[in-house]
Amino acid sequence: MRLSRNSQTLLRLGVGITLAFIYIPLIVIAIYAFNASTTQEWPPPGLTLDWFSKAFDNQGARDALWTSVRVGLVATAIALVLGSLASLAVSRYRFFGRETISFLVVLPIALPGIVTGVALSDTFTQVLGIDLSLFTVIVGHATFCIVVVYNNVIARLRRMSGSFEEASADLGASTWQTFRYVTFPTMQTALVAGALLAFALSFDEIIVTLFTIGAGQETLPIWIFNNLFRPTQLPIVNVVAVLAVLISIIPIYLAHRLTREEGGAAAARGGGVRAEPVVAEATAVP
């Protein structure tokens, strides 16, 4: 479809305004990270790199970063197992209530975070009698990380025809061989992309974390929030916020590359998904 010159200009203007609306606040924070003054004023009176060394030497920020990484990794591992199992069940089997289960799996990511946080906190402390700790944070994060993995994997499985798995079984492959050589190679990039996105989502989460974390424990977003209103810590908070953005960009970028490259490969194959060589490899295993 060809657009007129005026339409192209308006479209570019709209894209530019949208990007500015999203990224100008992040640019402001990045500039404040180099602010030579301990007070926030615009424009900054000077620029310095001193706050970066102080941020790296801050024990509280380092501990909070390590806590966020641990929580993100474990929550992502749980999401990979449960999300992939749910996607395989929904995409490969027909049973009563299948669409309802699919809806219930996706629902947590659409709920307000404060509702999820309060519900989890009440369930842990009042119903189950469990003290809030990193374990409860991990469970809370896993509830919405599952959705990311589930959506990625089920989308990939729905693009893969079930006839490939049927052909593998007809040629003598066992159920495990079919999964190992046909199904898993098809879904592995979706699993990696889902894991990267789930980790990024867990790493940045604060609302559910506030309601599920134990006393004296902090993830990086909570550390930023707790120190945001302390004037002596504000320059360090700006630096940590910029570093958190940079850390979050990495898994999101990798996930984007994986899905884009997989989509391009599928288009080059005419929409097929590793059919003949994978099935042949499955049936070649004794």
Side-chain angles (χ1 to χ4, degrees), residues 71-111 116 138-169 173-205 208 248 250-275 277-279 281-282:
V71 169
L73 290 175
V74 179
T76 299
I78 295 172
L80 278 174
V81 175
L82 299 182
S84 58
L85 290 176
S87 61
L88 284 168
V90 171
S91 64
R92 288 295 180 261
Y93 300 96
R94 295 186 176 275
F95 51 88
F96 176 77
R98 184 179 65 163
E99 296 303 323
T100 301
I101 290 177
S102 180
F103 172 76
L104 292 175
V105 171
V106 176
L107 182 61
I109 204 168
L111 294 175
T116 303
I138 290 169
V139 174
H141 286 200
T143 58
F144 53 81
C145 288
I146 289 173
V147 181
V148 180
V149 175
Y150 174 82
N151 281 339
N152 274 271
V153 175
I154 199 169
R156 181 64 52 78
L157 290 174
R158 284 173 174 170
R159 282 163 42 191
M160 172 190 172
S161 174
S163 60
F164 298 147
E165 294 163 322
E166 294 172 0
S168 175
S174 65
T175 302
W176 170 245
Q177 288 174 327
T178 298
F179 175 79
R180 181 181 177 184
Y181 294 105
V182 180
T183 308
F184 182 73
T186 301
M187 58 188 283
Q188 61 184 355
T189 53
L191 285 171
V192 175
L196 291 170
L197 291 174
F199 177 82
L201 191 62
S202 172
F203 186 83
D204 295 334
E205 212 289 323
V208 173
S248 300
I250 296 173
I252 294 173
Y253 172 76
L254 293 175
H256 173 71
R257 286 292 302 270
L258 279 172
T259 53
R260 187 179 64 179
E261 290 173 359
E262 180 66 21
R269 293 192 297 264
V273 187
R274 301 182 65 179
V278 174
V279 173
E281 186 179 4

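Positions are given from 1 along the sequence. Small disclaimer: the values here were computed from a predicted structure and weren't measured.
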Visitor: Please find the pair of heavy atoms, one from S202 and one from C145, that lie closest to each other, and give the distance.
Guide: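 The answer is CB-SG, 3.9 Å.
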Visitor: Is there a donor-acceptor pair closer than 3.5 Å between any side-chain N or O of S87 and the backbone N or O of G83?
Guide: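 Pair found, side chain donor or acceptor close to backbone of G83.
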Visitor: How many angstroms lie between atom CD1 of I250 and atom CZ of F203, to the nearest 0.5 angstrom?
Guide: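 Separation between the atoms: 9.5 Å.
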Visitor: Of all heavy-atom pairs between A195 and V149, which one has the smallest distance, and what is that distance?
Guide: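 So the minimum-distance heavy-atom pair works out to N-CG2, 4.4 Å.
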Visitor: What is the minimum heavy-atom distance between I109 and F144, and which atoms define it?
Guide: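 Where I109 meets F144 most closely, the heavy atoms are CD1-O, 4.3 Å.
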Visitor: What heavy-atom pair brings V90 and S102 nearest, and what distance separates the two atoms?
Guide: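 Answer, listing the atom of V90 first, then S102: CG1-CB, 4.2 Å.
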Visitor: With sequence neighbours excluded, tell me which residues meet side chain to side chain donor-acceptor pair (under 3.5 Å) with T116.
Guide: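 With neighbours one apart ignored, the set is empty.
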Visitor: Can you check side-chain contact (heavy atoms from CB on, under 4.5 Å) on M187 and L88, steps first, answer last?
Guide: CA-CA 10 Å; M187 58 188 283; L88 284 168; 4.3 Å; yes
Visitor: Can you list the residues that meet the side chain to side chain donor-acceptor pair (under 3.5 Å) rule with D204, with sequence neighbours excluded?
Guide: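 Once residues adjacent in sequence are excluded, the partners of D204 under the side chain to side chain donor-acceptor pair (under 3.5 Å) criterion are S248.
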Visitor: Shortest non-hydrogen contact from N152 to G194?
Guide: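 Where N152 meets G194 most closely, the heavy atoms are ND2-CA, 3.9 Å.
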Visitor: Supply the atom-to-atom distance L196 CG to I252 CD1, rounded to the nearest 0.5 angstrom.
Guide: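 Here the interatomic distance stands at 9.5 Å.
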Visitor: Roughly how far, to the nearest 0.5 Å, is the CG atom of L80 from the CG atom of L85?
Guide: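 Rounded to the nearest 0.5 Å, the CG-CG separation comes to 10.5 Å.
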Visitor: Scan side-chain atoms only and decide if T189 and R156 contain a donor-acceptor pair under the 3.5 Å cut-off.
Guide: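 There is such a pair between these side chains.
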Visitor: Could you give the distance from CD1 (I101) to CZ (F96), rounded to the nearest 0.5 Å?
Guide: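 Reported to 0.5 Å precision, the distance equals 10.0 Å.
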Visitor: As an exercise, state the distance from CD1 of I146 to CG of N151, rounded to the nearest 0.5 Å.
Guide: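 One gets 12.0 Å once the value is rounded to the nearest 0.5 Å.
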Visitor: Yes or no on side-chain contact (heavy atoms from CB on, under 4.5 Å) for H141 and I78, after CA distance, side-chain angles and deciding distance?
Guide: CA-CA 10 Å; H141 286 200; I78 295 172; over 6 Å; no
Visitor: Are any side-chain N or O atoms of T143 and backbone N or O atoms of G140, one a donor and one an acceptor, separated by less than 3.5 Å?
Guide: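 Confirmed, T143 side chain pairs with G140 backbone.
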